[in-house]
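Here's the structure we're looking at; comments come further down.
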Number of protein chains: 2
Amino acid sequence: MEQFELFGNVKKAQNYLESVKSGRFLFSFVISYTETCEIPGITIAGADINSMKYTPPADAEYLHYGYCKTIDGIPMTPDGKPTPALLTKTALESASISHLTINAGSKITPQLPFIETGLSFGKNISIESAMTDSQVFSAVEFGRIVGRNMASLTDCLVIGESIPAGTTTALAVLRAFDYDAKVSSSIPINPIKLKNEVVDSALQRIDSDHPYSILAKVGDPMIAFVAGMLSSASSFSKIMLAGGTQMAAVLAFASKIGFNEENTAIGTTSYITNDQNANFVNLIEQIVDIPIISVNPGLHDSKYPGLKAFSQGFGKEGAGAGGTIISSMVKTGNDSAKFLNLAEQEYDRLSTLQ
Amino acid sequence: MEQFELFGNVKKAQNYLESVKSGRFLFSFVISYTETCEIPGITIAGADINSMKYTPPADAEYLHYGYCKTIDGIPMTPDGKPTPALLTKTALESASISHLTINAGSKITPQLPFIETGLSFGKNISIESAMTDSQVFSAVEFGRIVGRNMASLTDCLVIGESIPAGTTTALAVLRAFDYDAKVSSSIPINPIKLKNEVVDSALQRIDSDHPYSILAKVGDPMIAFVAGMLSSASSFSKIMLAGGTQMAAVLAFASKIGFNEENTAIGTTSYITNDQNANFVNLIEQIVDIPIISVNPGLHDSKYPGLKAFSQGFGKEGAGAGGTIISSMVKTGNDSAKFLNLAEQEYDRLSTLQ
């Protein structure tokens, strides 16, 4: 399929795509929170510090209902840049892919039925440990239970996430595990200096080389939980980690606790794999030998500046957009032009709700 | 399959069993609560009034982990009568059937990942309305969402429940909808007089013939939620309502809000269909023309008095036991003797945890 670019072991990637073609897909959307997002200037995932905690549940509600309950108005900036969940929703609906929301530490619970784990949100890693070791242990264990359950219901489990400032905790985890990571950001001018300052102060807290302890010091609950999901689910079904930097951090931690690489791939957008300020493909290759599948959603051709912005560095990826677009194209045979058309229809619909 | 007895439209029942034989099963375990159970003497689902709220989450934990977290000790009476969830667990494991726990108004949340709905528990119908009309509306709506989701993941969705004193609220709902119901009980000497007093006082509160209003006055959140699940899920997959009287009440309410009867069956144990003090088969036939499938789990032949007790009127059914046993036998071809053997192994294992 020419709308995909394959990196890493290309043969493996082709086999992976072939193997999921005729099967069932299920998307699990993991929402979480780290107080790290409250550091001024670190993220645009939310209009201001107080509103960021509403972003993950609002995205979950939008995926379910087509509108949000937790926030007033629509998930779009005043100048018309929508949540990346718009891409996810378009993908899921175009291919009739089911999805479930999982709360793994969101500060606000979404107003819809969701899988509850009872996990707490992560603390601000610039000033304190994100979690206790035992919270990491619980998150991994609960992830294993949910992963086993979800995988038994499908042939390909697609896992996406929403956690404001997740690229910062991901960067900290990657650097803590000694990977050379230049991470992407939801902002075109990546606040790299600020992120590195936060990460540097967090890394100083590390006093053990135990992976659970490291994650507790500098990570977030999403990374622990999704790694747990991956470790069990990859024994039962194909897994597509849908995302960029955050999923790289999941892989870094998961490779310490073990998972079945033969069933695992990472799927993202070309806005991540082409980001010259990051090194996504190289980073994944440092961590593990799994297929890296990148899709160009065609948004640079959009008539809407708000959608075009994704291709210009705003948002880039999130809420499992890349992986769900890939899954939808595998299932339906749609190309980027067709996807763009559907995304524009959804953009139209969402705009009229305002 | 000679271990099943078919009632109602026998031809439909045979077709139903044939149609689910080669498909996937998924069990959803709906836990809930009504304060009606706090009326002294109305139920044995829990050792005393304060402990009954722990029964549904403890059953859910036992199904997941093989032991309980919310309560100390094992889910068994001091004289060795286990929870009916033992039968459910044996069935699910023997056939590798996945399951998910759904919290639809349990007073205590289980210590495992579960689907959260945010619904409140029901009030004591002997003194006040169980719910507001708007709570019924929410429960049905959330049930529809969850049902659609679950049904899209499987070929046959089996729905079981755990709600202490659920037969009393079920009786009230059935009588409110003008069905002639003599309900079963988890106690061999059914406290019929007490139940009827409770129901009579609840029925006096009814001041509208709107089904939502009636359910709000005398029902419980489980009935509203499972009816919602049934109404959406039955459009997408086969549904087996797993239970006795409570599922009769679900059908009574669901027949007012609509569901696809062609995809629906009720599955229970022979301890319910043979109960001379109740009229289960006749009751279902009054409500709707769907297959009624009854299984004899063979427990009267058990060497353990605690298991034999089910065949003598203790427990009889619960936690989706009958429907999951039927599903497991359809999937594996096991007969009652084989099932009894597995249940005794699980009884052995559970007893040694004490």
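Numbers restart at 1 for each chain; the letters A, B, ... are given by sequence-line order, proteins then strands.
- Atom CZ of residue F114(B) and atom CZ of residue F114(A) lie 7.5 Å apart, to the nearest 0.5 angstrom.
- Heavy atoms of other residues, nucleotides or ligands lying less than 6.0 angstrom from OH of Y54(B) number 12 at most.
- Put simply, of T109(A), L112(A), T117(A), V146(A), the one with the most heavy-atom pairs under 4.5 Å next to chain B is L112(A).
- Interface residue L26(B): only side-chain heavy atoms are found under 4.5 Å from chain A.
- The shortest distance between side-chain heavy atoms of L100(A) and N149(B) falls below 4.5 Å.
- For T154(B), the part sitting under 4.5 Å from any heavy atom of chain A is the backbone (N, CA, C, O) and nothing else.
- Under the 4.5 Å side-chain criterion, counting only non-hydrogen atoms from C-beta, I145(B) is in contact with H64(A).
- Looking at E141(A), neither its backbone nor its side chain comes within 4.5 Å of chain B, counting heavy atoms on both sides.
- Remark: K69(B) NZ is packed, more than 12 non-hydrogen atoms of other residues, nucleotides or ligands lying under 6.0 Å away.
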